[in-house]
Amino acid sequence: MSSNDQMEGEERTELLSAVEDHHGGVVVNVEDQEPLDSMLFCSILEASMCNWRQQGKKGVWIKLPIQHSNLVDSTVKVGFRYHHAEPDYLMLVRWIPDTPATIPANASHRVGVGAFVLNNKNEVLVVQETSGKFRGTGVWKMPTGAVNEGEDICDAVIREVKEETGIETKFVEVLAFRQSHKSFFEKSDLFFVCMLQPQSFDIQSQVSEIETAKWMPVEDYAAQPFVQENELFDFITKICLSKLDGNYTGFSNVLTCTSSGKKTYLYFNSRDAGPLLASKPEQA
């Protein structure tokens, strides 16, 4: 926190330090290491809100580290609401103007990946899990998992296969993806089915999550009753088989650069757009 003069000649009033965002609002990051009195914080926050209102600010964001959880009630009483939380902080927000709020919603999707890994014997890498809805069903499924924050899809699927089966792989392409809603704590879910090329073949199952893993003839995988009776699983399997027959092309990845200079992967149909890569400059 810091002390600022609201107006020349008036009594000095303590206000919260804030950084302006790109949308006419401010962000307050409560970084004090020492405990803060909740009543004092409430008073300073109210004074700060008056100051921001006079300045014509719009959204006000307050980031409260977990060590200042005692300030949550005071912040809510000044009109703030929860926006999102991480393991070490809670973010609250308030819209000041008497206009419809344009505060962006919290992250709306979780991203998952599934791996179609095929060896040179036309065997697909499959697992049986120790938990989840497939536990104890006898269903053999592709290795799957969630993409971590800041992790690319192509890297996440390689990591998941390595963690669950010990198999080293190389990313080939995204074969398909599906979107579902109200899946995980009411959030939507994006799931990408990726084709990988194995670089090793000796399976070492992850004891904590995988009951067993093996290389299974792809025809046997497709013939499982669960796969044939479940429309989505059957459709995904047919896409994978079509890829093996050379009748399907998914989305390969190429490393590109955004307008802000950030490196990012673009996924594209390499069969139809492959010639475009000839004009792409080499990455440094």
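Quick caveat: nothing in here was measured; it's all calculated off a predicted structure.
Side chain of Gln67 to main chain of Pro35: no donor-acceptor pair is present (N/O by atom type, distance under 3.5 Å, no hydrogens or angles). Looking at Gln128, its side chain never comes within 3.5 Å of a backbone N or O of Gly136 through a donor-acceptor pair. Between the side chain of Thr256 and the backbone N or O of Thr264 there is at least one donor-acceptor pair closer than 3.5 Å. When atom types are taken as modelled, the side chain of Gln224 and the backbone of Tyr221 share a donor-acceptor pair closer than 3.5 angstrom. Judged by distance alone, the side chain of Ser74 and the main-chain N or O of Ser38 form a donor-acceptor pair under 3.5 Å. Using a distance-only test at 3.5 Å, with no hydrogens or angles considered, a donor-acceptor pair links the side chain of Asn269 to the main chain of Arg271. At least one donor-acceptor pair closer than 3.5 Å links the side chain of Asp21 to the backbone N or O of His23. Checked by atom type and distance alone, the side chain of Arg94 never pairs as donor or acceptor with a backbone atom of Thr75 at under 3.5 Å.
Residues Leu45 and Phe80 meet the side-chain proximity criterion, which asks for heavy atoms closer than 4.5 Å. Looking at Leu118 and Leu244, their side chains come closer than 4.5 Å, going by heavy atoms from C-beta outward. Here the side chains of Val60 and Ile96 are in contact, with some heavy-atom distance below 4.5 Å. Inter-residue side-chain proximity for Val30 and Leu36 is flagged as met; some heavy-atom pair is nearer than 4.5 Å. Between Cys194 and Leu175, every side-chain heavy-atom pair lies at or beyond the 4.5 Å cut-off. Between Phe134 and Phe226, the closest side-chain pair of non-hydrogen atoms falls below 4.5 Å. Under the 4.5 Å side-chain criterion, counting only non-hydrogen atoms from C-beta, Trp215 is not in contact with Lys121. Inter-residue side-chain proximity for His68 and Pro65 is flagged as met; some heavy-atom pair is nearer than 4.5 Å.
In this structure Tyr267 satisfies the ring-ring contact (aromatic ring centres under 6.0 Å, His included) test with no other residue, sequence neighbours excluded. In this structure, the ring-ring contact (aromatic ring centres under 6.0 Å, His included) partners of His83, at least two apart in sequence or on a different chain, are Trp61. By the salt bridge (Lys or Arg N to Asp or Glu O under 4.0 Å) test, Glu46 is found to be paired with no residue, residues two or more places apart in sequence or in another chain being considered. For Lys214, there are no salt bridge (Lys or Arg N to Asp or Glu O under 4.0 Å) partners at least two apart in sequence or on another chain. Under the rule for a ring-ring contact (aromatic ring centres under 6.0 Å, His included), the partners of Tyr89 that lie at least two apart in sequence or sit in another chain are His84. Contacts of Lys141 classified as salt bridge (Lys or Arg N to Asp or Glu O under 4.0 Å), with partners at least two apart in sequence or in another chain: Glu129.
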Let me check something: any side-chain donor-acceptor pairs from residues 101-111 under 3.5 Å, sequence neighbours excluded? List them with distances.
from   : atom 1 : to     : atom 2 : distance (Å)
His109 : NE2    : Gln179 : NE2    : 2.8
Arg110 : NE     : Asp189 : OD1    : 3.4

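With rounding to the nearest 0.5 angstrom, the OG atom of Ser242 is 8.0 Å from the OH atom of Tyr248. Atom OG of Ser69 sits about 8.0 Å away from atom CG of Leu71, to the nearest 0.5 Å.
Note on Val172: it does not cluster hydrophobically with Leu125, by side-chain heavy-atom contacts below 4.5 Å among ILVMFWY residues. No continuous path of ILVMFWY side-chain contacts below 4.5 Å connects Ile210 to Met216, so the two sit in separate hydrophobic clusters. In terms of hydrophobic clustering, with Ile, Leu, Val, Met, Phe, Trp and Tyr side chains grouped at heavy-atom distances under 4.5 Å, Ile44 and Ile62 are assigned to a common cluster. There is a path of hydrophobic side-chain contacts, each under 4.5 Å, that joins Tyr265 to Phe192. Linking Ile, Leu, Val, Met, Phe, Trp and Tyr residues whenever their side-chain heavy atoms come within less than 4.5 Å leaves Ile239 and Phe251 in two separate clusters.
Listed by first then second residue, pairs satisfying salt bridge (Lys or Arg N to Asp or Glu O under 4.0 Å) with a partner in residues 193-209 number zero, not counting sequence neighbours. Residue pairs satisfying the salt bridge (Lys or Arg N to Asp or Glu O under 4.0 Å) criterion with at least one member in residues 233-262, sequence neighbours excluded, are listed as follows: Glu173-Lys243, Asp234-Lys238. The salt bridge (Lys or Arg N to Asp or Glu O under 4.0 Å) pairs that include a residue from residues 215-228 number zero, where partners must be two or more places apart or lie in different chains. The salt bridge (Lys or Arg N to Asp or Glu O under 4.0 Å) pairs that include a residue from residues 154-165 are Glu151-Arg159, Arg159-Glu163, Lys162-Glu168, where partners are two or more places apart or lie in different chains.
Taking Ile, Leu, Val, Met, Phe, Trp and Tyr as hydrophobic and joining them when side-chain heavy atoms fall under 4.5 Å apart, one finds Val207 isolated, its cluster having no other members.
Nearest approach of Ser200 to Ile167, heavy atoms of both residues: O-CG2, 3.4 Å. Summarising the geometry of Ala18 relative to Trp52, their closest heavy-atom pair is CB-CZ2, 3.8 Å, with the distance given to 0.1 Å. Counting all heavy atoms, side chain and backbone alike, Ala222 lies closest to Val227 at O-CG1, 3.9 Å. Taking both residues in full, the closest heavy atoms of Phe191 and Val193 are given as CE2-CG2, 3.8 Å, listed atom of the first, atom of the second, then distance. When all heavy atoms are compared, the tightest approach of Ala85 to Leu90 is CB-CD1, 3.9 Å. When every heavy atom of Val157 is checked against every heavy atom of Ala115, the shortest pair comes out as CG2-CB, 3.6 Å.
Within a 6.0 Å sphere centred on CD of Gln199, heavy atoms belonging to other residues, nucleotides or ligands number more than 12. Around NZ of Lys187, the count of heavy atoms belonging to other residues, nucleotides or ligands within 6.0 Å exceeds 12. Within a 6.0 Å radius of CZ in Phe201, more than 12 heavy atoms belonging to other residues, nucleotides or ligands are found. For Glu231, the CD atom counts as loosely surrounded, since its 6.0 Å shell holds 12 or fewer non-hydrogen atoms of other residues, nucleotides or ligands. The local environment of NZ in Lys58 is sparse, with at most 12 non-hydrogen atoms from other residues, nucleotides or ligands closer than 6.0 Å.
Ion pairing between a basic and an acidic side chain is recognised when a charged N comes within 4.0 Å of a carboxylate O; Glu211 and Arg135 show no such pairing.
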Fill in: side-chain contact (heavy atoms from CB on, under 4.5 Å) between Thr212 and Trp140, worked out
CA-CA 9 Å; Thr212 185; Trp140 292 96; 3.4 Å; yes

Item to complete: Determine, step by step, whether Phe41 and Leu16 satisfy the side-chain contact (heavy atoms from CB on, under 4.5 Å) criterion, reporting the C-alpha distance in whole Å, the side-chain angles of both residues, the deciding distance to 0.1 Å, and the verdict.
Response: CA-CA 9 Å; Phe41 180 80; Leu16 293 172; 3.9 Å; yes

Practice prompt. Starting from the C-alpha separation in whole Å, work towards a yes-or-no answer on side-chain contact (heavy atoms from CB on, under 4.5 Å) for Arg81 and Leu92.
Written response: CA-CA 5 Å; Arg81 62 174 176 82; Leu92 299 99; over 6 Å; no

